[in-house]
Amino acid sequence: MKPLRARLRPLARALAPLLCTAVWSGCSGSNRSASSRQAEKIIQIKGSDTMVNLAQAWAEAYRRVRPEVSVEVSGGGSGVGIAALMRGTVDIATSSRDLKPSEREAIRSATGRDAKEFIVGHDALAVYVHISNPLEEIRMDQLAEIFAEGGAITRWSQLGVTIPGVSNDEIVRVSRQSSSGTYEFFREHVLNKRDFKLGSRDMNGSKEVVELVASTPTAIGYSGMGYHIPGRVKMLRISPREGVPAVAPTVEAAQNGSYPIARSLLLITPGEPEGEVRAFIEWVRSPEGQRIVQECGYVPLLPSERPTAAP
Amino acid sequence: MPDAVEHGMLSKARRPWWERLGESLLTILIYLCGVSAIVFVAAIFFFIFREAAPVVLHGRVSLVQFLTSPEWYPTSEVNRRYGVLAMIVGSFSVTGLAMGLAVPLGLGGAIYLSEFAPPRRREALKILIELLAAIPSVVWGFIGLSVMSRLIVRWTGAPVGVNVLNGGIILALMSVPIIVSIAEDALRAVPDSYREAALAMGATRWQTTWRVLIPAARNGLLAAVLLGVGRGVGETMAVLMATGHAVHIPHSMFDSVRTLTANIAAELGEAPAGSDHYRVLFLIGVLLFAITFVINLTADLIVRGVRRR
């Protein structure tokens with residue numbers, strides 16, 4: 001008897017992990033069905049890095065409104081979200097820029113439906129400098145000279161600025177990766193579609209831009225106004241042209257259009273949204289969803305935009 | 001009874017059928033495992049070449065421009081340019097600096113561990129070094145971005161803390177554990193008779209190490225260094241975060257750079273499948289494949305050299 005048992009022991013050892021896995025997967029399987037009873041519908045949201053905190057806040061609040069719907073949010077950049085929409089892996093793409101005609105076409109050919117954009121808020125794109133920088137305001141054409149390829153401004157002294165305690169006053173440009181909607185928005189509206197000067201520090205998130213500016217006295221960077229760190233960075237007032245007074249990035253200035261680099265925050269769906277996705281978008285555009293927009297540091301929709309004004 | 005069983009196991013003809021079946025199944029399984037490595041490499045090779053080839057074959061991007069232009073504008077609206085020279089220089093400068101720091105540290109650590117450390121301290125240090133090797137690269141990147149960059153600005157007065165130096169230090173810290181553990185194995189593989197003979201000749205420990213052990217373990221040490229280089233060239237996340245990600249040919253250690261790997265990681269997600277941008281990113285993959293292939297082949301040839309001795 002003993003030798004047989006001894007011979008079976010290795011077999012038992014080999015099978016033990018298998019058995020455990022089977023039992024475990026059985027358990028998790030039943031768990032899954034239990035949780036799917038609780039949350040029957042999952043809404044997948046992906047895209048703009050500018051909006052990832054905002055979408056996360058919506059997801060958390062929406063859990064209290066409709067516990068049976070779970071909203072999953074990931075970032076990566078507006079371009080990444082739109083690419084995911086083409087592949088059909090997400091329900092909603094968040095974007096901090098408008099769809100390009102080529103993307104609209106690609107979504108149509110991939111999914112057979114027209115993409116639909118919903119404005120869910122606004123964002124003023126703030127230009128940040130280090131807190132020790134004496135500069136208070138800047139013109140759009142100066143920004144283009146700093147950031148665009150072939151632009152003439154490379155030193156702070158060219159703007160008549162001396163940064164205390166710094167010997168090398170070369171401007172450190174902080175930008176975003178090319179997958180970012182913020183990057184494309186800045187290129188289109190500030191650089192007038194010219195290319196960026198090579199050698200900018202291209203960060204992979206809105207927060208990183210502000211962090212790097214906060215730790216670099218000679219830096220200048222652009223990011224959503226929701227990422228302001230009071231006391232470590234400064235948001236510049238921006239003037240559209242010479243002779244026009246500069247405007248600070250505020251909620252009012254973004255809403256009434258006097259701030260020159262404000263943009264809309266969008267949710268994009270393939271085709272007319274239905275069911276839970278539609279309910280979620282309607283909730284986002286309701287006063288409750290808009291209160292979260294304001295809490296996250298962005299600009300809520302004007303009352304006139306709220307009803308059904310989809311572009 | 002036990003005798004009979006043992007006898008049964010030895011004699012092939014009388015073994016029960018399940019043992020024979022099990023054995024042949026295992027043989028097939030192990031064979032498949034071995035072959036699968038070849039299949040996977042061939043499949044990866046095929047895939048990245050297939051994705052990259054059209055853009056070169058159709059003449060949309062010239063290889064000469066790809067390799068010699070520093071201008072990288074993959075999403076430009078006016079003039080798209082795909083030049084990776086700045087990134088090649090970036091990759092090599094970061095890796096070069098990292099190896100300059102990691103090789104002396106790693107080999108020194110290995111020599112200390114294998115020749116000078118008392119046994120208990122050696123065991124403790126080896127566990128710690130292996131723990132160091134297990135830290136995920138994104139954590140290293142985070143250290144580079146938040147801790148190292150601040151220290152670099154404070155100590156060197158550089159305008160920006162994310163630069164070649166930062167990336168080099170982070171990569172060096174990541175390669176050291178690999179170099180130490182492989183180099184230590186190589187040194188331990190030198191037969192004790194060499195050490196005994198050297199000591200018997202009246203050599204000090206230092207002379208033994210320098211004149212006898214290092215020459216004897218030379219090939220293994222070289223392989224350790226090359227595998228460290230391979231990690232440096234191939235690392236993505238940590239250098240993405242620590243180097244500043246600027247397309248720029250560096251003039252000093254304090255300039256930000258972008259590496260080939262970081263560029264792929266940052267841009268592949270948004271490049272529409274099948275576009276020129278997407279294919280050029282795969283072309284960068286081919287370039288990296290070629291670089292790591294040369295490094296691994298060199299390391300492999302050297303390791304073979306060690307075995308033949």
Side-chain angles (χ1 to χ4, degrees), chain A residues 1-4 6-7 11 14 46 76-84 86-87 100 102-103 106 110 149 163 165-181 183-184 187-188 191-204 208 211-212 215-219, chain B residues 1-6 8-9 16 18-19 22 70-81 83 86 145-146 149-150 153-154 157-163 237 240-241 243-250 254-258 262-263 265-275 277-278:
Chain A
M1 239 18 239
K2 201 184 167 203
L4 179 66
R7 247 169 35 201
L11 183 71
K46 193 185 184 78
S78 302
V80 175
I82 292 165
M86 292 172 200
R87 284 194 294 272
K100 295 177 202 160
S102 63
E103 287 167 341
E149 190 181 23
I163 293 161
V166 173
S167 53
N168 180 358
D169 76 335
E170 200 174 322
I171 298 176
V172 171
R173 286 161 286 127
V174 185
S175 178
R176 288 291 310 277
Q177 278 165 16
S178 55
S179 60
S180 145
Y183 169 97
E184 299 207 10
R187 186 173 68 188
E188 188 170 337
L191 310 187
N192 285 321
K193 302 196 178 184
R194 284 156 76 194
D195 283 310
F196 279 88
K197 226 181 257 180
L198 283 178
S200 57
R201 272 71 175 180
D202 299 345
M203 301 288 109
N204 58 353
E208 280 88 339
E211 283 283 343
L212 185 58
S215 61
T216 312
T218 52
Chain B
M1 197 54 183
D3 271 354
V5 170
E6 259 182 45
M9 287 180 92
W18 62 80
E19 278 193 358
E71 295 185 337
W72 177 253
Y73 285 111
T75 60
S76 167
E77 305 218 351
V78 281
N79 181 13
R80 297 203 173 173
R81 282 151 287 174
L145 191 64
S146 53
S149 74
R150 233 162 270 167
V153 169
R154 191 181 308 157
V160 178
V162 283
N163 49 28
M237 210 52 222
L240 174 61
M241 295 164 83
T243 54
H245 209 60
V247 182
H248 175 63
I249 294 181
F254 304 116
D255 281 346
S256 294
V257 293
R258 184 184 292 196
N263 188 59
E267 293 184 359
L268 195 56
E270 49 114 10
S275 65
H277 184 193
Y278 172 88

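Letters A, B, ... are given to chains in the order of the sequence lines, protein chains preceding strands, and every chain is numbered from 1. Just so you know, these numbers use all the heavy atoms, side chains as well, and skip hydrogens, waters and symmetry mates. Just so we're clear, the structure is a prediction, and the values are computed from it rather than from any experiment.
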Practice problem: Examine whether an atom of A:Leu212 lies under 4.5 Å from a heavy atom of chain B, and if so say whether it belongs to the side chain, the backbone or both; otherwise answer neither. | Solution: side chain
Exercise. Check salt bridge (Lys or Arg N to Asp or Glu O under 4.0 Å) between A:Glu211 and all other residues, then give those that pass, not counting sequence neighbours.
Key: none
Self-check item: From A:Ser175 atom OG to B:His245 atom NE2, the distance as rounded to the nearest 0.5 Å
Solution: 10.0 Å
Quiz item: Is atom NZ of A:Lys100 surrounded by more than 12 heavy atoms (other residues, nucleotides or ligands) closer than 6.0 Å?
Solution: yes
Self-check item: chain B contact via A:Met203 - which portion, at a heavy-atom distance below 4.5 Å
Solution: side chain
Quiz prompt | Residue B:Leu240 versus chain A: region with a heavy atom under 4.5 Å | solution = side chain
Self-check item: Working for side chain to side chain contact (heavy atoms under 4.5 Å, CB included), residues A:Asp202 and B:Glu267
Solution: CA-CA 11 Å; A:Asp202 299 345; B:Glu267 293 184 359; over 6 Å; no
Quiz prompt | Closest non-hydrogen atom pair between A:Asp195 and B:Arg81, with its separation | solution = OD2-NH2, 3.1 Å
Exercise. Measure the shortest side-chain to side-chain distance between A:Arg194 and B:Val78 over non-hydrogen atoms and say whether it is less than 4.5 angstrom.
Key: no
Quiz item: Contact part of A:Lys46 toward chain B, heavy-atom cut-off under 4.5 Å: side chain, backbone, both or neither?
Solution: neither
Practice problem: Please report the shortest heavy-atom distance between A:Gly199 and B:Ala246, naming the atom on each side. | Solution: O-CB, 3.6 Å
Quiz item: Rounded to the nearest 0.5 Å, how far does NE2 of B:His248 lie from CZ of A:Arg201?
Solution: 7.0 Å
Practice problem: Provide the closest heavy-atom pair for A:Thr218 versus B:Pro159 in the form atom of the first, atom of the second, distance. | Solution: OG1-CB, 4.0 Å
Quiz item: Heavy-atom distance under 4.5 Å to chain B: side chain of A:Ser178, backbone, both or neither?
Solution: both
Self-check item: Exercise: identify the closest heavy-atom pair between A:Phe196 and B:Tyr73
Solution: O-OH, 2.5 Å
Practice problem: Not counting sequence neighbours, which residues clear salt bridge (Lys or Arg N to Asp or Glu O under 4.0 Å) with A:Arg187? List them please. | Solution: B:Glu77
Quiz item: Nearest heavy-atom pair of B:Pro70 and A:Leu198: which atoms, and what distance?
Solution: O-CD1, 3.6 Å
